[in-house]
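This report concerns only the one structure given below.
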Amino acid sequence: MSIEIKQLQIKSSVVQRCADGSGEDGDASEQTQSMKEEILAECKSLILDVLSELQER
């Protein structure tokens, strides 16, 4: 049985919680943004790999 995906949409939420509620907001938001970008880049890479494998078949 084959499955065809015409549209794939990935939504993610990254939440960082501090145990004591302290910390600098600027650093935390920069780290969160960096982590989000890294996760999205990895997802894009995995999807491109799967698509290229499918085209080879």
Side-chain angles (χ1 to χ4, degrees):
M1 172 189 248
S2 63
I3 299 173
E4 182 178 342
I5 299 174
K6 293 186 178 189
Q7 182 177 1
L8 176 63
Q9 187 174 40
I10 298 174
K11 293 183 180 183
S12 65
S13 297
V14 177
V15 179
Q16 182 177 6
R17 297 181 182 152
C18 296
D20 59 0
S22 65
E24 296 181 20
D25 290 337
D27 288 341
S29 64
E30 285 179 23
Q31 288 177 348
T32 302
Q33 184 64 29
S34 176
M35 287 181 359
K36 286 180 184 180
E37 291 173 2
E38 186 177 333
I39 291 169
L40 289 175
E42 185 66 25
C43 288
K44 288 178 186 178
S45 175
L46 290 171
I47 291 169
L48 289 174
D49 289 344
V50 169
L51 289 175
S52 66
E53 286 178 16
L54 288 174
Q55 289 178 350
E56 290 175 0
R57 292 184 184 180

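Heavy-atom basis, side chains included; hydrogens, waters and symmetry copies ignored.
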Sequence-distant partners of E38, side-chain hydrogen bond (donor to acceptor under 3.5 Å, both in side chains), two or more places apart: none
List the atom pairs, donor and acceptor, that lie under 3.5 Å between side-chain atoms in residues 43-52 and the rest of the protein, sequence neighbours left out.
residue : atom : partner : partner atom : Å
S52     : OG   : L48     : O            : 3.3
S52     : OG   : D49     : O            : 2.9

List for me each residue that meets side-chain hydrogen bond (donor to acceptor under 3.5 Å, both in side chains) alongside E37, sequence neighbours excluded, and say none if there are none. Q33
